> 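First the structure, then my questions, so here it is.
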Amino acid sequence: MKISEWLKTYPANALTAAGECSLEDAARMLLDDPEGRDLFVLDAEGRVCGHLGFWHVATLLLAELRPTHSLRQLIERITIGSVADHMDDQVMCVGIDEDIEDLLYQHDLFQQHVERRVEDIPVVDEQHRLLGVIRLSDLLRDAINNAANKAEHTD
Amino acid sequence: MEILLIGLLMISGLTLGMLGSYLFHVPRVVGYILAGIMFAPDFLGGALGVETTEWTRPIVAVTLGVIAYLIGGAATISQLRQLGWTIASATLGKVTGSFVAVLIGFSLLDVAVADVPAWTLALLLAAIATTTAPAAIVAIIHQYRARGPLTTALLGMVALDDVLALVIFSLVLAAIDSSSFTTAIPAIIWEIFAAIGFGVAGGYVIERSARYLPEQELKLAVLLGGIILLTGLAEAWDFSPLLAAMALGFSVRLFAGSHSEPLFRPLEQLQEVVFILFFTLAGLHFSLTVVLSHAGLIVLYFLLRAGGQVVGAMLGARLAGAPRVISHNVGLVMLPQGGVAIGMALMLTSVPHLEDSALLIVNIVTATTLLTETFGAVATHFGLARAGELGQAAEASEKKEIT
């Protein structure tokens, strides 16, 4: 299935913010959308330039609940800056014309999910502008449905 | 036998540390050090066939390199700017105060150990006195839900002062290695510039290489490999391994920008393991005879360090125009001394011509670590209470609920 088709089958709301947005505002945006776990940071031209996940925002804003801190976390706790100060600027994006099967196997997708706790994969056009997101929950739903369909056919 | 001993040290250290913390509410480091003492060559270590502690040197060198890397990468330039003048000035005052007090005190006392003159011992102890143990302080802040200007300043200072401590310690090591003042200057210049040069170049290479390594496990391999390689080069080419590892951490953070988390998290998870090793190895060097025969020096070091940092931090904070609540308490709340001090002392055991004095310094630092981790924790609690910041986090939450 092409990614353009996937976006029509599984439409998902992409959360976006500007780099200068405060962490509190970013947290509010994520909390207002029950399914939103990832915030994509856009530059002035609307291109994806960073990613900030719910887990990261929560650990920064609730830092005082941690009983232990690394030195890096100590400094982060008292210099809470903007979204741009904490976003991950190496965002794995996919093109609209790619095939979903190729995407799953060619981009170390699962590794990215596990290590960076990313649940939405941004889909972009040639200018790197955000067109939508592919959600991990939809990928899982699709995989389970496909497995069930195959099992029915074999029976 | 050494491998068996390391395993025994780690498991027994962890067990005693946890038991002591759970049953007697003493800091875990007390258990770690006791485990080390149990396996010293004079006790169980001798029965295991371990007669010397020379084999610990490469372990200490590499693990201290890991700690220096993490200290170097603790803050970015923009975060340093955000910390503000109060924190910077109070940290400088605290570090200078403890260094000068211990240096003058021990120089006036003119304590000479067999292998070094009095001023060398004074310089080494003064450099080690500048460190602080962030873990003990953060634990108290968390336990008593402290919040306020003093707590904020304290968090920044404990993260920053080990940077200065490592720089001072590296410079002191370079200076005492030289035979005269005229040879000391070029040696220090080489130690600094070569260390920074190799560290920054290494940081660039590691950051670029890590981009092609998606798995966390591979990143850990390149990081550890880089730190070990740099430590080895420093030993071969006579530049400071600690400054080099700090420059490596700082430059990795700089080059990686906001994508630096995966280049620090794997090593941060090793930090407690490193500290268990440091404390148990310090215990291995612990000698009751040395401690009892130098009890006066141990008390003196404790008092000079405490007095120097209280006065220094107060002056530094006042210079920056900090409110009284910060300037009058900030030195007092930073008494705990821990893993970095122990690591520095252990490192001295591998410096040529310092064998005897290194043993004395390890014992002074180990004994005062036990003192500062227990009494220092009380002082931190007292200072935060006097500033009225204990329980403020809980009160703030309650107020929000009411409104």
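The structure displayed is predicted, hence computed values, not measured ones. Residue numbers start from 1 in every chain, and the chains themselves are labelled A, B, ... in the order their sequence lines are given, proteins ahead of strands.
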> Nearest 0.5 Å, please: how far is CD1 in A:Ile75 from CG in B:Leu80?
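Going from CG on B:Leu80 over to CD1 on A:Ile75, the span is 6.5 Å.
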> Heavy-atom distances under 4.5 Å only: say whether B:Glu268 touches chain A with side chain, backbone, both or neither.
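Interface part for B:Glu268: side chain.
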> Around atom CZ of B:Phe255, are there more than 12 heavy atoms of other residues, nucleotides or ligands at under 6.0 Å?
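More than 12 within 6.0 Å, yes.
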> Which distance, rounded to the nearest 0.5 Å, do you find between the CZ of A:Arg77 and the CD1 of B:Ile141?
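Taking CZ in A:Arg77 and CD1 in B:Ile141, the distance rounds to 6.0 Å.
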> Mark yes when over 12 heavy atoms from residues, nucleotides or ligands other than B:Arg211 sit less than 6.0 Å from its CZ; otherwise mark no.
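More than 12 heavy atoms, drawn from other residues, nucleotides or ligands, come within 6.0 Å of this atom.
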> Measure A:Ile80 against the heavy atoms of chain B and call it side chain, backbone, both or neither at under 4.5 Å.
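Just the backbone, heavy atoms under 4.5 Å.
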> Provide the closest heavy-atom pair for B:Ala159 versus A:Leu71 in the form atom of the first, atom of the second, distance.
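Closest pair (atom of B:Ala159, atom of A:Leu71, distance): CA-CD2, 3.8 Å.
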> Testing A:Arg72, A:His86, A:His56 one by one against B:Glu261 for a side chain to side chain donor-acceptor pair (under 3.5 Å), which residue passes?
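Only one option passes, and that is A:Arg72.
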> So which atom in B:His142 and which in A:Glu64 form the shortest heavy-atom distance, rounded to 0.1 Å?
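Heavy atoms of B:His142 and A:Glu64 come nearest at CD2-O, 3.4 Å.
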> Starting at CG of B:Leu83, measure out to CD1 of A:Ile78 and round the result to the nearest 0.5 Å.
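Result: 5.0 Å between the selected atoms.
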> Could you grab the distance from atom CD of B:Gln82 to atom CG of A:Asp85, nearest 0.5 Å is fine?
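Between atom CD of B:Gln82 and atom CG of A:Asp85 there are 6.0 Å.
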> Just verifying a value: how many Å separate A:Gln73 CD and B:Leu155 CG, rounded to the nearest 0.5 Å?
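It is 12.0 Å, given to the nearest 0.5 Å.
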> Under 4.5 Å from any heavy atom of chain A, what part of B:Ile71 do you find: side chain, backbone, both or neither?
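Both parts, backbone and side chain.
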> Identify the two heavy atoms, one from A:Leu74 and one from B:Pro134, that lie closest to each other, and give their separation to 0.1 Å.
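Shortest heavy-atom contact: CD1-CB, 4.1 Å.
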> Heavy-atom distances under 4.5 Å only: say whether B:Gln143 touches chain A with side chain, backbone, both or neither.
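Contact with chain A involves no heavy atom of B:Gln143 at all.
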